[in-house]
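To keep things clear, I will list the structure first and then write my remarks on it.
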Amino acid sequence: MPAIRKQKCLQKYLLVHILVCTVMSPTSFEVRAQTGSNGHDATEPEGMVDVAVNASQCGSADLAMMWVEHQIWFPSPGKDGCQQGAAGTHTFTLKPGFSGPLTVYPIEAIQPDDGTVSLWWNVWSDDPVWIDGSTGTVSGGSGNIAPQSHHIQAPALELKSVQFFGHEIVHDDGSVFPVPHWQRSDDSDYTPSPVAFVRNSTIEVEAIFQIDPDMNGQTLYIKGDGPGNLDFPVTVATVSENTLTVLVSALNQLPNIVTLFEPFTIEWQYAQASDATSWITAGTSENLLYVTFDEPNSHLNAPPLTRPIYHTLLHVGCHSAQGSATEASVLERIWEAFQSWHIAQITPDGTEGEPLTYYGTFDHTDVQTTAGLLQYNDGICDAWARAFIDTLKIQGLSYTTSIVTVEYIHNALLGSNGWFFVSEWTFQTPSNSDPDPDYPYENVKANPWVIHHDNDALPDFSIHWEHADVIDQQGIAGQSIENPHAIFQYHTVVYLSSQGTYNPEDTHYDPSYGERYNTLMEIDRIIAGYGYLSTPLFSQPVFHLQQNFDDGNFPFVYNVMLY
């Protein structure tokens, strides 16, 4: 595209030529403007328009200049829209990935009345370049342009992929995040894979670069600038088959605390000399990087249990326990996250997705595992107990972990399990004309008992009764549900031991409700009533209940299972 640059008159003219000095680095070189004898018109290199400068043009002449692709003027805006820089010594630095050749030559020199000299440069190439210049002054002489040119070749090197050697992380569906963890991509939907290391450990990484075929066999130097002091040292590598690969460890260890880098950024640079004063950026990799308290799953209760490092649970642990340096602190901070009643699925880029619910619908009453909870975003107490333990195990916490199941047994001889209602329920006057004196309240199931709603304004499900002496009220909240299902035959909580033995008089955790009990007996405080279920002939099933008064008399039994 042609471009016309207007120029004020030349008060004095200098014959200027370029003296090419030493190549300072693979990405910069130095040219020096010098005065000389009088001269006359000069012809521009191929692709440019001839520029004739003489005294007769003073005060009226326009200098016609042809833009070629990616032409750049050095170094800053000047008079009348032109770009002007001072004469003297200038250093030009190439943009990363520039493959050359580059031509540099002066357009004209201007010497104002104050005796200083300004030198106008034109720089162009088939590739874009960035120019960084230093300034100086020259004086004396007169004349006009005598352009010379200098062609240089710079290594064209670009980051292709990065792979970390840490712990394997899986998506919430159980599939493994792909490696390399970062790769160059034109896909706007591409998301780098997250990575995980243990606190106070050293990051090891492999970086692969794509390079111009003409550079095969040459030796280059690579380094990486990471967050803070987590830098990667200068490493020598030889180009082979158009690629360059380096395997390098960070100069310093990760912080000795649980943390999360959002993101962990490495700016990769290269040079042709290890002591180069100028380095060129070859690309930047960005990944979510999680730093756990200890080796994930290093203190499992018993082999051969293996637990995947689910991304959501890893994120919940590292995000909530950031800055923690002790096991007790990590536990407390993770428990606070479960107490918030808001655990959400984490997307690959680290943002929150759908919330995980406790009885969010009545479709997942058989979801008892961590995998099921993450698959359906919903699960029962067993799933939440396991997810809480797995979050701790991913952090490498050393507690012996147990799942404690609490049940009410109505008739041990008949093996009849009872039922209990979790707070809150209103116990109205019993209406049965011939009630069981021990269980005076009756709720008769409707048919259907569970109603599903398609209307977003209503809960996903609700319980319906043909008759009810006991009415459900807004009670204890569950995970992402204000008033979850509250009729059960059993409930599951978590016990953590630093001694390896179970003690019912010690603290228990209830992840489903975000409740912590000083002893197992304290579970009594969330039980509104309990009883049994009968199924009369030709009629609907009936719950027979008595009210629980939070007096420590809830007659439960429990079972302990290591997990």
Side-chain angles (χ1 to χ4, degrees), residues 161-183 185 187 189-199 201 203-206 254 258-264 285-322 330 334 337-338 343-357 364 367-379 382-397 401 479 511 563:
S161 66
V162 175
Q163 180 173 346
F164 293 82
F165 296 94
H167 292 285
E168 183 179 82
I169 304 172
V170 303
H171 288 278
D172 289 347
D173 64 5
S175 61
V176 179
F177 275 95
V179 293
H181 298 93
W182 182 96
Q183 57 186 341
S185 175
D187 183 359
D189 294 329
Y190 167 74
T191 301
S193 298
V195 294
F197 289 87
V198 177
R199 66 187 177 117
S201 65
I203 297 176
E204 185 179 22
V205 63
E206 178 185 77
L254 285 162
V258 176
T259 192
L260 167 58
F261 291 90
E262 299 180 280
F264 187 87
S285 59
E286 291 186 345
N287 297 80
L288 285 174
L289 191 147
Y290 298 90
V291 182
T292 62
F293 179 80
D294 204 344
E295 292 287 336
N297 302 323
S298 58
H299 298 287
L300 293 174
N301 292 329
L305 290 176
T306 57
R307 297 172 189 170
I309 302 177
Y310 289 109
H311 184 212
T312 287
L313 302 188
L314 174 65
H315 186 96
V316 168
C318 288
H319 183 267
S320 59
Q322 282 197 83
V330 175
I334 290 176
F338 279 79
I343 302 293
Q345 200 167 48
I346 301 300
T347 62
D349 65 359
T351 58
E352 285 193 355
E354 294 295 320
L356 305 182
T357 57
H364 304 132
V367 175
Q368 300 177 311
T369 64
T370 299
L373 175 63
L374 296 174
Q375 178 181 354
Y376 298 108
N377 297 338
D378 187 38
D382 306 72
W384 278 98
R386 287 173 168 83
F388 175 59
I389 291 175
D390 287 342
T391 303
L392 302 181
K393 292 298 184 182
I394 287 173
Q395 291 299 317
L397 301 194
T401 53
Q479 294 293 343
Y563 174 75

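Please read all numbers here as calculations on a predicted model, not as lab measurements. Computed from heavy atoms alone, side chains included, the values below leave out hydrogens, waters and symmetry copies.
When side chains are defined from C-beta on, F261 counts as touching L254, because their heavy atoms get closer than 4.5 Å. Counting heavy atoms from C-beta outward, T370 and R307 have side chains that stay 4.5 Å or more apart. Residues H299 and L397 are not in side-chain contact: their nearest non-hydrogen atoms beyond the backbone lie 4.5 Å or more apart. A heavy-atom distance below 4.5 Å is not found between the side chains of T357 and Q479. Proximity of H171 to L374: side-chain heavy atoms (C-beta onward) are nowhere separated by under 4.5 Å. Within the 4.5 Å cutoff, no side-chain heavy atoms of T401 are placed close to those of F388. Using a 4.5 Å heavy-atom cutoff, the side chains of Q395 and C318 are in contact. Counting heavy atoms from C-beta outward, Y290 and I309 have side chains that stay 4.5 Å or more apart.
For the pair Q345 (side chain) and G353 (backbone), a donor-acceptor distance under 3.5 Å is absent. Using modelled atom types, one side-chain atom of Y190 and one backbone atom of Q183 make a donor-acceptor pair closer than 3.5 Å. Judged by distance alone, with hydrogens and angles left aside, the side-chain atoms of N301 form a donor-acceptor pair with the main-chain N or O of Y563 at under 3.5 Å. Side-chain atoms of N287 do not come within 3.5 Å of backbone N or O of L289 as any donor-acceptor pair. Remark: the backbone N or O of V179 is not paired with any side-chain donor or acceptor of S193 at under 3.5 angstrom.
Applying the side-chain contact (heavy atoms from CB on, under 4.5 Å) criterion to E168, with sequence neighbours excluded, gives V176. Applying the side chain to side chain donor-acceptor pair (under 3.5 Å) test to T292 and every residue at least two apart in sequence or in another chain returns nothing.
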task = Dump the intermediate steps for side-chain hydrogen bond (donor to acceptor under 3.5 Å, both in side chains) on S185 and D187, then the final yes or no.
result = CA-CA 5 Å; S185 175; D187 183 359; 5.1 Å; no
ask   = Are L288 and E262 close enough, and set up right, to give a side chain to side chain contact (heavy atoms under 4.5 Å, CB included), and what steps lead you there?
value = CA-CA 5 Å; L288 285 174; E262 299 180 280; 3.8 Å; yes
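Of the N and O atoms on the side chains of D173 and S175, at least one donor lies less than 3.5 Å from an acceptor on the other residue. Using a 3.5 Å distance cut-off with no hydrogens or angles, the side chains of D172 and T312 do pair a donor with an acceptor.
Rounded to the nearest 0.5 angstrom, F197 CZ and E295 CD are separated by 11.0 Å. Between the CD atom of E352 and the CD1 atom of I343 there is a distance of 9.0 Å, given to the nearest 0.5 Å. Atom-to-atom distance recorded for F293:CZ and T259:OG1 is 14.0 Å, nearest 0.5 angstrom. Summarising the geometry, atom CZ belonging to F177 is positioned 5.0 Å from atom NE2 belonging to H311; distances are rounded to the nearest 0.5 Å. Taking OG of S298 as the reference point, atom NZ of K393 lies at 8.0 Å (rounded to 0.5 Å). Atom-to-atom distance recorded for T351:OG1 and I346:CD1 is 7.5 Å, nearest 0.5 angstrom.
Between H319 and H315, the ring planes lie parallel to each other; the angle is under 30°, not in the 30° to 60° tilted range.
Counting all heavy atoms, side chain and backbone alike, G372 lies closest to V367 at C-CG1, 3.3 Å. Residues L313 and A387 come closest through the heavy atom pair CD1-O, 3.9 Å. The minimum heavy-atom distance linking P296 with V198 is given by the pair CD-CG2, 4.2 Å. Pairing each heavy atom of A371 with each of Y310, the nearest pair is CB-OH, 3.4 Å. Shown here for V170 and P308, the closest heavy-atom pair between the two residues is CG2-CB, 3.7 Å. Taking all atoms of both residues into account, the shortest heavy-atom contact from V316 to S320 is O-OG, 2.5 Å.
Within a 6.0 Å sphere centred on CD of E354, heavy atoms belonging to other residues, nucleotides or ligands number 12 at most. Other residues, nucleotides and ligands place no more than 12 heavy atoms under 6.0 Å from the OH atom of Y376.
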